[in-house]
Every structure is written in structure tokens, then in C-alpha cells.
J.: 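Quick one: the structure is below, questions incoming.
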Amino acid sequence: MPVINIEELTDLDKAKIQVDQLKNETKLERWLTSKCCEELKEYIEAGVEEDTLVKGISEEKNPFKEKGGCVIC
């Protein structure tokens with residue numbers, strides 16, 4: 001797909017591009033937000049056992065664990 005320099009287009013060309021984009025958007029299937037949120041919640045809850053952001057990283061497997069403490073004399 002060639003790159004289009006928008007500044008070189010006429011107002012008519014810009015309008016045609018915008019109309020084409022709006023036509024593409026009307027073809028998209030729309031879902032209720034409540035349905036999407038419920039499905040997303042179910043997906044997250046199904047993987048909560050393996051999610052390290054929820055349960056954390058065990059001390060043995062943590063690559064960022066400090067090897068020693070900092071001592072100020």
C-alpha cells in the first residue's frame with residue numbers, strides 16, 4: 001500500500017478517504033460494553049492462577065531479588 005501525503009490531497013480527495021473510512025467502520029460488528037466487560041472478567045478470572053501480576057513471583061524464581069543488603073557505615 002503506497003504512502004499518501006495528506007497535505008498534497010485536495011479537499012475532495014480527503015473527503016473521499018473519510019467517507020471510505022466511515023463505510024468501513026459501519027461494517028464492524030458492535031457489542032454492548034456490558035457484554036464485553038463480562039467476557040473480559042471471565043477471561044481474567046480463568047487465568048488468575050497462572051497470572052504473576054496477581055499472585056506475584058516466588059522468591060526462588062525472582063531474577064530481581066537482591067543478593068545482599070545495603071550497609072551504610
Side-chain angles (χ1 to χ4, degrees):
M1 179 174 250
V3 177
I4 299 172
N5 187 355
I6 196 78
E7 295 169 357
E8 296 176 359
L9 297 177
T10 65
D11 288 340
L12 181 61
D13 291 332
K14 291 177 188 177
K16 286 180 182 179
I17 291 172
Q18 188 173 15
V19 168
D20 287 340
Q21 178 62 33
L22 291 171
K23 285 180 181 179
N24 288 334
E25 290 178 17
T26 59
K27 294 175 187 174
L28 296 175
E29 180 182 358
R30 298 181 63 164
W31 295 355
L32 293 174
T33 304
S34 57
K35 179 182 175 189
C36 293
C37 290
E38 188 61 36
E39 289 180 8
L40 183 59
K41 181 181 172 187
E42 291 171 4
Y43 173 78
I44 292 170
E45 289 175 348
V48 75
E49 293 298 322
E50 295 84 32
D51 193 341
T52 56
L53 292 176
V54 175
K55 70 176 189 171
I57 300 173
S58 66
E59 288 296 320
E60 305 88 45
K61 296 180 182 179
N62 187 354
F64 303 106
K65 181 173 82 171
E66 290 190 30
K67 306 294 184 223
C70 177
V71 178
I72 300 176
C73 296

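This structure is a prediction, so every number in the text was calculated from the model and none was measured.
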J.: Starting from Trp31 and following side-chain heavy-atom contacts under 4.5 Å between hydrophobic residues (I, L, V, M, F, W, Y), which residues can be reached?
T.: none
J.: Any side-chain heavy-atom pair from Ile4 and Asp13 closer than 4.5 angstrom?
T.: no
J.: Quick one, Val54 with Ile44, criterion side-chain contact (heavy atoms from CB on, under 4.5 Å). Give me CA distance, side-chain angles, the key distance, then yes/no.
T.: CA-CA 10 Å; Val54 175; Ile44 292 170; 5.9 Å; no
J.: What distance separates Gln18 CD from Gln21 CD, expressed to the nearest 0.5 Å?
T.: 9.0 Å
J.: In Å, rounded to the nearest 0.5 Å, how long is the span from OG1 of Thr10 to CG of Leu12?
T.: 5.0 Å
J.: Is the number of heavy atoms from other residues, nucleotides or ligands within 6.0 Å of NZ (Lys16) greater than 12?
T.: no
J.: Take a 6.0 Å sphere around CG of Asp11 and say whether it holds more than 12 heavy atoms from other residues, nucleotides or ligands.
T.: no
J.: How long is the span from the CD atom in Glu39 to the CG atom in Leu32, to the nearest 0.5 Å?
T.: 10.5 Å
J.: Can you tell me how far the OG1 atom of Thr52 sits from the CD1 atom of Ile57, to the nearest 0.5 Å?
T.: 5.5 Å
J.: Can you confirm whether Glu25 is buried at CD, in the sense that more than 12 heavy atoms of other residues, nucleotides or ligands lie under 6.0 Å from that atom?
T.: yes
